[in-house]
There are 2 protein chains.
Amino acid sequence: MKKDKITIYDISKKLNISAATVSRALNNNPKISEKTRALVAKTATEMNYKQNRLAQALKNGRTNNVGIIVPYINRSFFSSIIRGIEEELNPNGYHVIICQSHEEEENEIQQLNTLLNTQIDGIFMSVSKTTQTTDHIRKALEENTPIVFFDRKLEFPGVSSVVLDDFKAGFIATEHLINEGCNRIAHLSGDINLEIYRNRFEGYKSALKEYNIAYDKNLVIQTSSKIESGIQAVTQLWELENKPDAIFSAGDYAALGAIQELKNRKIKIPEDVCVVGFSNEPFTKYMELPITSIDQTPQMMGKIAAQVFLEQVKGNQTISIEKKVVLAPELFIRESSNRKLLKFK
Amino acid sequence: MKKDKITIYDISKKLNISAATVSRALNNNPKISEKTRALVAKTATEMNYKQNRLAQALKNGRTNNVGIIVPYINRSFFSSIIRGIEEELNPNGYHVIICQSHEEEENEIQQLNTLLNTQIDGIFMSVSKTTQTTDHIRKALEENTPIVFFDRKLEFPGVSSVVLDDFKAGFIATEHLINEGCNRIAHLSGDINLEIYRNRFEGYKSALKEYNIAYDKNLVIQTSSKIESGIQAVTQLWELENKPDAIFSAGDYAALGAIQELKNRKIKIPEDVCVVGFSNEPFTKYMELPITSIDQTPQMMGKIAAQVFLEQVKGNQTISIEKKVVLAPELFIRESSNRKLLKFK
DNA sequence: ATAATTTAAGTAATCGATTACATTGAGTTA
DNA sequence: TAACTCAATGTAATCGATTACTTAAATTAT
């Protein structure tokens, strides 16, 4: 059995005052005399009183818990975002409940419903790759539960989001390759149904155009974020007459697979082919041949998402603030695409 | 404003019965007639009734939330454990609240207190490296909050734990190096205040003894789980008269640093020196020179920790069951220590 | 000195679900 | 038919904190 917890009634009995007074004193209500407030505060500490957050939550309808839905928590990108959210919300008294969708729409719907039922004060989410419908999200919004999207967003009036400027990321990655002297740049795209991958692709095309390089659709291959997928892409690309001299992958794992296959074929990196990945996964910089990659500043993304949420709940509830934050990508140039470095060796 | 939520009173009003009856019907209380039960169930669905878990939790003292305290969530090892716990608990209606200690005792204490105050039903934790005192844990136990330790445990009567057999891990890692023909095996130890690192170290010594290799304390260097630490260790080791021909690191990051420094010194791996790491971090297998490592089956660890917890809360609360689970480590042999492989090349 | 106002605190309802105890009425037994 | 069961449901207290509304006492104003 749980040890008997101290309640405001215990304090009120001990001091011969009403529970209401105790409650008010603890909440620094100005109607309470300084003397009583101090006495209650002292007694509360002495008796080791701890406010029952359940009762409080039941009364005022706020739990100080928020939910986060991510595809997977053990991906560096997502766990860093979670860490960012947590570090911003914890000092504000919020706790974070984490759920995984495993990239399955069905799980996402179920997790969202459970969260709503658990009475969270808000939801942070990155939409699953397979999500086609939006009824579950509409339902959350109808219940007036604030949602903040990060990385993978959906468009709803009044709903805030924090995303990366994927277009720009695609642009600077491609531009960097062009600057390295490449002009047959292949693109390993992600699932084109997702906005983020579409934007990276568009950024790529835009850079080509800007530098007057003809766009060749044979150089674009849709991949999943898996190593095998990168291996297969290279296999396919190297069947072309006119082979690529660079690869810009929309994901680090596919980039890694591509590099493995290129090495397999004794193709030199970066001399023959330059490679750029996406996400700046920890492994990219640990490789013997460190991989150039786009950093999405995930921890910052989480931090900002949390700030947007706090702004929203602290402000006037009847006004809905929609805030679209777009973070700038950062290109980490490493050996897999750095030909200049070679000259110094 | 939140949309008005449907309560059992709304249902009771609609059906002209008491709220008690509605509650009982929804809970499948046998005292309720089948007819009423069915009617209530039907009406509840129609009205889109959702049980208020806060009210329920306040009444019966259980929230169906558990807390997890880990040093960092964005470490593959810990996030995989969390995933394991989650996947086991979610189907049982539990939700998981995650906190990070950042390896600071002070944070650990604070997080634990906040969790207790949040009325969680149990706590899963891996003790921070810097934790010296145990008052906070004793306090949780006094409040009868079940605790399950994983990986890094503390000894308390009645408290369960799920850990790796680190002694065995140290033993098989070292034995493997001996089998590869090494006999001056260095050990990059972790913080020796932590049981896990002591055990890995003991396993190492035990293997040396078993194979009649003299233990040389100059070959043991205490490192932190950082790359730089591994670089520094190699620098120090290579100042020795009699240099090592193998390195068993108690962490993958130190192993990675060691490998970087060895390559820097043009020392061949595994020909001249074999390297084994610990944790099987994702990057170990993606390297150009994949690193041999000990897998701690973290997801399994989380799964089992969750099972232990469920057993405990489902059983008779007045009996405390203490369960010590020790998982077997698995050695993934890769190129960094596989000399046999060379012959086939 | 008395009325008006302010201050400090108390009373009781409320949040939503659960449950010990009470009640009703149909059916059973002697 | 009176006494008794028992199934089905109702009443009201409870979990702990908050707060609208009241009240008592102290202070100020007239």
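None of the values given here were measured: they were computed from a predicted structure. Below, chains carry the letters A, B, ... as their sequence lines are ordered, and counting in each starts from 1. Excluded from the calculations below are hydrogen atoms, water molecules and symmetry mates; all remaining heavy atoms, backbone and side chain alike, are included.
Counting non-hydrogen atoms under 4.0 angstrom, Ile17(B) reaches the backbone sugars and phosphates but no base. Using a 4.0 Å heavy-atom cutoff across all strands shown, Thr7(B) reaches sugar-phosphate atoms only and no base atom. At a threshold of 4.0 angstrom between heavy atoms, the contacts of Leu54(A) with the nucleic acid are absent. Among the atoms of the strands shown, only primed sugar atoms or phosphate atoms (P, OP1, OP2) are found under 4.0 Å from some heavy atom of Asn27(B). At the heavy-atom level, Asn52(A) lies under 4.0 Å from the strands shown only through sugar-phosphate atoms.
Listed pair Gln56(A) / dT18(D) meets the phosphate criterion, a side-chain N or O lying under 4.0 Å from OP1 or OP2. When the side-chain nitrogen and oxygen atoms of Tyr9(B) are compared with OP1 and OP2 of dT18(C), none of them lie within a distance under 4.0 Å. Side-chain N/O atoms of Ser23(A) include one lying less than 4.0 angstrom from OP1 or OP2 on dT18(D). In this structure, Ser33(B) does not reach the dA8(D) phosphate: none of its side-chain N or O atoms is under 4.0 Å from OP1 or OP2. Contact check, Ser18(A) against dG10(C): a side-chain N or O comes under 4.0 Å of OP1 or OP2.
With hydrogens and angles ignored, a donor-acceptor pair closer than 3.5 Å exists between the side chain of Arg24(B) and the base of dG10(D).
We find that Glu87(A) and Arg83(A) are joined by a salt bridge, their nearest charged nitrogen and carboxylate oxygen being less than 4.0 Å apart.
In this structure, Lys323(B) places its NZ atom where only 12 or fewer heavy-atom neighbours from other residues, nucleotides or ligands lie under 6.0 Å away. No more than 12 heavy-atom neighbours from other residues, nucleotides or ligands sit within 6.0 angstrom of CD on Glu106(B).
Nearest-nucleotide positions on DNA chain D for Tyr49(A) and Pro30(B) put Pro30(B) closer to the 5' end. Summary of the strand contacts: Ala55(A) and Thr21(A) both lie near DNA chain D, and taking for each the nucleotide with the nearest heavy atom, the more 5' one is attributed to Ala55(A). Taking for each of Glu34(A) and Ala19(A) the nucleotide of DNA chain C with the nearest heavy atom, the 5'-most of the two is the partner of Glu34(A).
Judged by distance alone, the side chain of Ser18(B) and the main-chain N or O of Thr21(B) form a donor-acceptor pair under 3.5 Å.
Following rounding to the nearest Å, Ile11(B) (CD1) and dA17(C) (C1') show an atom-to-atom distance of 12 Å. Distance Arg53(A) CZ to dC15(D) C1': 17 Å, rounded to the nearest Å. Following rounding to the nearest Å, Leu26(B) (CG) and dG16(C) (P) show an atom-to-atom distance of 15 Å. Computed from coordinates, the Gln119(B) CD to dA17(D) C1' distance equals 12 Å when rounded to whole Å. Between the CG atom of Asn29(B) and the P atom of dA17(C) there is a distance of 16 Å, rounded to whole Å. Between Ile32(A) atom CD1 and dT19(D) atom P there is a gap of 13 Å when expressed in whole angstrom units. The separation between Asp10(A) atom CG and dG16(D) atom P is 9 Å, rounded to whole Å. The interatomic distance linking Leu58(B) (CG) with dG16(C) (P) rounds to 12 Å, in whole Å.
Among the nucleotides dG10(D), dG16(D), dT19(D), the one closest to any side-chain atom of Ala20(A) is dT19(D). Comparing dG16(C), dT19(D), dA12(D) by their closest approach to the side chain of Lys59(A) singles out dT19(D).
Ring centers of Phe309(A) and Tyr94(A): under 6.0 Å apart, within the cut-off.
Side-chain atoms of Ser128(B) and Glu105(B) form no donor-acceptor pair, as typed in the model, at a separation below 3.5 Å.
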